[in-house]
Amino acid sequence: MELSTRYAPSETESKWYEHWEKLGYFRSEPDDREPFTIVIPPPNVTGVLHMGHMLNNTIQDILIRKARLDGKNACWVPGTDHASIATEAKVVRWLREEKNLRKGDLTREAFLEYAYQWKEKYGGIILSQLRKLGASCDWDRTAFTMDKGYYEDVIRVFVDLYGKNKLYRGQRMVNWDPAAKTVLSNEEVIYTDEQSRLFHIRYNLEGDSNSGIVIATQRPETIFADVAICVHPNDPRYKDLVGKNVLIPLINRPIPVIADDYVDVEFGTGALKITPAHDPNDYEIGLRYGLPIIDTIDDDGRINDACTYQPIVGMDRFDARKQMETALEESGSLVKIEEYTTSIGRSERTNAVVEPKLSLQWFVKMTDLRGPAVTAVEDRDIRFYPDSMKNMYRSWMDGLRDWCVSRQLWWGHRIPAWYLKEDARGKETFIFVAQNEEEAVAKARIETGNSALTAADLRQDEDVLDTWASSWLWPISVFDGFNKPDGEIKYYYPTNVLVTAPEIIFFWVARMIMAGYEYMGEKPFQHVYFTGIVRDAKRRKMSKSLGNSPDPLDIIAEHGADAVRYGMLSCSAAGNDVLFDMKMVENGRNFANKLWNALRLVKGWEVTETPENESIERNNALAVRWMREKINKTLLSLESDFNSFRLSEAMVGLYGFIWDDFCAWYLEMIKPGYEKPIDRVTYEATLDIFGDLMVMLHPFMPFITEEIWHQLRERAQGEDCMIQPYPKASSVDEALVFQVETAKDVIANVRDLRNQYQIKPKEVLTVAIQDSASARALYAQAGLREMVEKLAITSSLEFVETEQPNSRSFIAGTENYYVELNLTIDVVAERAKLEQELEYERGFVRSVEGKLSNERFVANAKAEIVEAERKKLSDGQARIKILEESLAKLG
RNA sequence: GGGAGUUUAGCUCAGUUGGUUCAGAGCAGCUGCCUUACAAGCAGCGGGUCGGCGGUUCGAAUCCGUCAACUCCCACCA
């Protein structure tokens, strides 16, 4: 078999992915096994794979593959989110650019038809991209938040919450996006500091144009919606004015001066204009004092005719502001303009400046749903990684406000509320909330007492629901939990892990928890792993506009999915940002190549059934045993890393283990001499070990491990790496490990000496090895065959290697550098070395004894930790004993 | 304004209720090697008063106090 010195991932990866999928390894059905469930955070149906998805889905795939290898019934449910506002915006643009159509010219039905067309054509690209990454999702379960069943679930929950009086329609001050003409949640508004100007405007006292009051505002165009001026009750400047009327400039409408301690005396002029329709705080104050509301701004951000100052009616609010500057200047009401930095809220989607606006919307009473969701996280029934995220969660839950779930869009779940057409415009005194039109009519007949009512008499609410009002049901709906509460959901729910980005903890995570308790009476997941944000090496957030975000598919095409997975993970820990660096991907690629070459080495050996040299066989057996013990140790630490979701550590640890211990030491130890065969027993053991390592590494680098697994041996049909049982750790023979590790140290020392004295080919090196135990180990491991017995009995010896040593590279590193070693035991030096080691060990034992004699430690520590400390102590004592015996032997 | 977090090598970070498997890893840097699996490799090297100060302790990177710098979240901003 000729194998290239470079591993070529591209063909291998598609080959194995197809193979796995064909054999149905990704599929899951309920059975006797323990389930391990992950529901994907559904990407927007409009989405294309970006680096954040790569990170997030790599982590999920690692967890799922590990669970599968552990023998669990692993189920990873994929799917997409309809993402109402984001998708609608895309469709609107597509219609304009491709079809020359405007949303305003289309009926709702026609628009939705186009939207579905768009979705069929462009939606869900991301799911096929995930396959390139190796994601082992159960594709048969692919869900979409607007699938028929899912849609019905969302409506059912709306009806249910309404019936339970946990959902209501009400007027509220909301964040309004004038570009998209829809309401936005607080979370969809991005605040940034921007330069603004503070207009100081004089309002004259009614009936006395010589006195008045100066207010400061950023929004002079809203003064025609003013209904009062508010000052602080203790402000001496304005005491006399309270209770009197002042006149709004330009239109001279009188408004009262009132006093409220909301006003900050220090800010601006200490006088605040009250504009309830256009400011949330003003709205509150207006309510408190029973002030009227004048709304002068339309849904699209233009000044409407409620404004009695005609010149600005019909203008956009920003144009109106400019106009007002001139008008006020001319009328002499403008005292001054102050430069001012303030934070301005913009729509996350359209970037339009958000307008506070009063409107009729639907709200979920969050406080009614909060209780169990708070305690679950507080009591760690649901665990967060990193743990500190629960503080953030807690503070948000404490300040919960009702959730506005209506959106003025067409793409989404239409609100299942019907109104009587005959109601006076805008009154809508009768509301019928029902699963469908038929039920709404039935309800309407009962409630109105008019049994002749038909669907034609009703009008359905035009709005749709917030995207999150569907995705909060994701872990339930994807298993059809509403319709079949005794079906699959019983098996898969609660899911095990949710892997998600920290920025949607409130949007999504918290709400899923609430929905879980409300509808399943149980948490939706046990663990929540928060990934970091993917940034570039300079800590800048990856973004299209900066051009610092590589296309993940390009990187996969160039270096392979395994390398990208390695790269993503090797710079990430839960909650830490990922500083993505191509260097790390290259490391992953190099690692794949290293594995590949280890395969080439092993498969290149000729195998003999009749070994010629018994001592080689013995030494190889020792190497195999040592490797097995090291695998045990590695498995133990892997297990603990997985249990605490320290995936990066797990992978990097495995990387070091395979590279150093397996490749650099084990393979070198057993490597037969030039053109010599290896004995069958060692060879077979090595294939087994190599195979085990591939299974261990499989969750992280699924493709190359599968490939090597198959190259190692002929495998039966279906005997694939990804469904093997994960190796189990057993207890570790520390003594054996200690012995060989010591030998490694000695060998490394010999190497040092060679470099230090720059030994040339065929030259003789005389080294003093200061510890006979090490020298014996060196003998055993490095192929210095003949002298071990002598070593034990003499304090001085001379050894000349006559043939090329078996493990050349340990000693000389190259064929030309095989050296003749002249070993001398220096008794004095050895004693000093031993005494030094003894002193160190005694110090160690003292410190552990100190720890164990600390009553507080013993009382509070977990039993296993105390046990581990005791073991350390006895190990230390054992080492002391060995050292003392060696010293005694020296006499 | 309220809350959370971070500060360990040039960079990114580990460091699991205080001790000697603890001062670490990877990357970067430097030196020497095309050698028989791998130059995408091998063998080495240098580099940190664990942010400052104070305290508790037999013992502190680890606990407490304080100061400093940075990051994030929430709220408000006429």
Side-chain angles (χ1 to χ4, degrees), chain A residues 3 5-7 186 191 198-199 215-219 229-230 262-264 267-275 279-282 340-343 386 388-392 394-396 398-399 502-503 505-506 533 537 539 559 563 570-573 575-579 581 583-584 586-587 589-605 640 644 646 648-649 652-653 655-656 663-664 667 671 673-675 748 751-752 754-756 758 808-809 812-817 840-851 854 856-857 860-862 865 869 872 875-876:
Chain A
L3 295 174
T5 62
R6 301 266 170 103
Y7 169 64
N186 285 339
Y191 289 92
L198 211 48
F199 294 78
I215 57 93
T217 179
Q218 292 181 69
R219 310 196 56 190
I229 298 293
C230 191
Y262 167 77
V263 176
D264 178 359
F267 191 91
T269 62
L272 169 67
K273 75 189 194 70
I274 302 298
T275 320
D279 183 279
N281 293 307
D282 292 10
Y340 176 64
T341 306
T342 186
S343 74
S388 60
M389 286 300 278
K390 77 176 203 204
N391 297 321
M392 207 178 286
R394 176 69 206 224
S395 68
W396 188 73
D398 285 347
E503 59 257 36
I505 180 171
F506 307 133
I533 294 167
R539 277 192 190 279
H559 296 300
S570 64
C571 29
S572 97
N576 275 4
D577 286 351
V578 171
L579 305 180
D581 188 349
K583 272 256 148 52
M584 293 296 123
E586 283 166 24
N587 269 2
R589 178 202 59 185
N590 294 354
F591 184 40
N593 205 48
K594 185 75 180 174
L595 295 170
W596 187 247
N597 279 293
L599 173 74
R600 288 181 61 227
L601 172 68
V602 171
K603 294 303 283 185
W605 287 333
S640 98
S644 45
R646 307 197 311 182
S648 187
E649 281 87 341
V652 171
Y655 169 91
C663 293
L667 290 180
K671 184 154 88 177
Y674 186 48
E675 288 191 342
R751 270 195 291 219
D752 288 355
R754 195 207 78 213
N755 283 336
Q756 195 178 335
Q758 304 196 337
R808 220 177 333 96
S809 60
T814 148
E815 159 185 35
N816 298 323
Y817 277 90
Y840 179 88
E841 288 297 341
R842 283 180 174 149
F844 173 70
V845 165
R846 266 198 304 279
S847 83
V848 180
E849 277 171 349
K851 199 172 183 180
N854 180 338
R856 234 180 27 210
F857 170 76
N860 297 332
K862 284 183 201 152
I865 291 176
E869 291 296 326
K872 276 189 203 167
D875 286 351

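Note: hydrogens, waters and symmetry copies are ignored here, and every other heavy atom, side chains too, is used.
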Looking only at heavy atoms, which two atoms of A:Arg589 and A:Ala563 are closest? And how far apart? N-CB, 3.5 Å
Could you tell me whether A:Ser395 contacts a base, only the sugar-phosphate backbone, or nothing, with contacts defined as non-hydrogen atoms closer than 4.0 Å? nothing
Determine the contact category for A:Val263: base if any of its heavy atoms lies under 4.0 Å from a base atom, sugar-phosphate if only primed atoms, P, OP1 or OP2 are that close, otherwise nothing. base
Atom-to-atom span, CD1 of A:Ile505 to P of B:C73 - whole angstrom: 12 Å
Reckon A:Leu579 touches a base, only the sugar-phosphate, or nothing at all at heavy-atom distances under 4.0 Å? sugar-phosphate
Parallel, tilted or perpendicular, judged at 30° and 60°: which one describes the rings of A:Tyr7 and A:Trp596? tilted
Taking the side chain of A:Asn597 as its heavy atoms from C-beta onward, which of B:G19, B:A4, B:A37 lies nearest to it? B:A37
Is B:U6 paired to anything, Watson-Crick or G-U wobble with both distances less than 3.5 Å, and if yes, which nucleotide? B:A69
Taking the C1' atom in each of B:A61 and B:C50, what is the distance between them to the nearest angstrom? 4 Å
Considering heavy-atom distances to RNA chain B, does A:Thr342 or A:Val845 have its closest nucleotide positioned more toward the 5' end? A:Val845
Determine the contact category for A:Tyr262: base if any of its heavy atoms lies under 4.0 Å from a base atom, sugar-phosphate if only primed atoms, P, OP1 or OP2 are that close, otherwise nothing. sugar-phosphate
Taking the nucleotide of RNA chain B with the nearest heavy atom to each, does A:Thr5 or A:Pro280 sit closer to the 5' end? A:Thr5
For the P atoms, the ones on B:G51 and on B:C13, what distance do you get once it is rounded to whole angstrom? 15 Å
Rounded interatomic separation in angstrom, taking CE from A:Met392 and P from B:U71: 15 Å
Among B:U20, B:C27, B:A37, which nucleotide sits nearest the side chain of A:Lys671? B:A37
Taking the same atom, C1', in B:G65 and in B:G1, what whole-Å distance lies between them? 25 Å
If I take atom CG in residue A:Asp398 and atom P in nucleotide B:A75, what distance separates them, rounded to the nearest angstrom? 13 Å
Using a cut-off of 4.0 Å on non-hydrogen atoms, how would the nucleic acid contact of A:Cys230 be classed: base, sugar-phosphate, or nothing? nothing
Nearest-Å distance, CG (A:Leu272) to P (B:C76)? 15 Å
Side chain of A:Arg6 only, heavy atoms from C-beta on: which candidate in B:A40, B:A28, B:C73 is closest? B:A40
Does B:U57 have a Watson-Crick or wobble partner in any strand here, with both distances under 3.5 angstrom, and which is it? none
Partner of B:G1 by Watson-Crick or G-U wobble geometry, both contacts under 3.5 Å, or none? B:C74
Would you indicate what A:Arg394 reaches in the nucleic acid, counting non-hydrogen atoms under 4.0 angstrom: base, sugar-phosphate, or nothing? nothing
Tell me, with the steps shown, if A:Tyr262 and A:Leu272 meet side-chain contact (heavy atoms from CB on, under 4.5 Å). CA-CA 10 Å; A:Tyr262 167 77; A:Leu272 169 67; 3.7 Å; yes
When the C1' atoms of B:G44 and B:U56 are considered, how many whole Å apart are they? 44 Å
Separation between CD1 of A:Ile505 and CE of A:Met392, rounded to the nearest 0.5 Å: 6.5 Å
Looking at A:Asn590, I'd like to know whether one of its side-chain N or O atoms comes within less than 4.0 Å of OP1 or OP2 on B:G41. yes
In whole angstrom, give me the gap between the P atoms of B:U6 and B:C63. 10 Å
side-chain hydrogen bond (donor to acceptor under 3.5 Å, both in side chains) assessment of A:Asn391 paired with A:Arg394: CA-CA 5 Å; A:Asn391 297 321; A:Arg394 176 69 206 224; over 6 Å; no
Report yes or no: does A:Asp279 contribute a side-chain atom to a donor-acceptor pair with the main-chain N or O of A:Ile274 at less than 3.5 Å? no
Roughly how far apart, to the nearest Å, are B:G41 and B:C27 at atom P? 9 Å
So does A:Arg589 get a side-chain nitrogen or oxygen closer than 4.0 Å to the phosphate oxygens (OP1/OP2) of B:A40? no
Please determine, for the side chain of A:Arg646, which listed nucleotide (B:U16, B:A37, B:C27) has the closest atom? B:U16
Length of the line joining A:Leu601:CG and B:C42:P, which is rounded to integer Å: 13 Å
Quick check: any donor-acceptor pair below 3.5 Å linking the side-chain of A:Lys594 to the base of B:C38? yes
Write down the distance separating the P atoms in B:C30 and B:U35, rounded off to the nearest Å. 23 Å
Any idea which heavy atoms bring A:Ala271 and A:Ile229 closest together, and the distance? CB-CG2, 4.3 Å
In whole angstrom, what separates A:Trp596's CH2 from B:A40's P? 18 Å
Across the strands shown, which category fits A:Asp264 at heavy-atom distances under 4.0 angstrom: base, sugar-phosphate, nothing? base
Rounded to the nearest Å, what distance is computed from the CZ atom of residue A:Arg600 to the C1' atom of nucleotide B:G41? 12 Å
Within the 4.0 Å heavy-atom criterion, would you say A:Leu198 contacts the bases, only the backbone, or no part of the nucleic acid? sugar-phosphate
Nearest listed nucleotide, side chain of A:Met584, among B:A37, B:A4, B:G26: B:G26
Can you tell me, in whole Å, how much space there is between the C1' of B:U31 and that of B:A68? 40 Å
B:C42: pairing nucleotide in any strand, Watson-Crick or G-U under 3.5 angstrom: B:G32
Separation of A:Lys273 NZ from A:Thr217 OG1 (nearest 0.5 Å): 4.5 Å
A:Arg539 side chain near B:C13 phosphate (N/O to OP1/OP2, under 4.0 Å): yes
In whole angstroms, how far is the P atom of B:C72 from the CD atom of A:Glu503? 13 Å
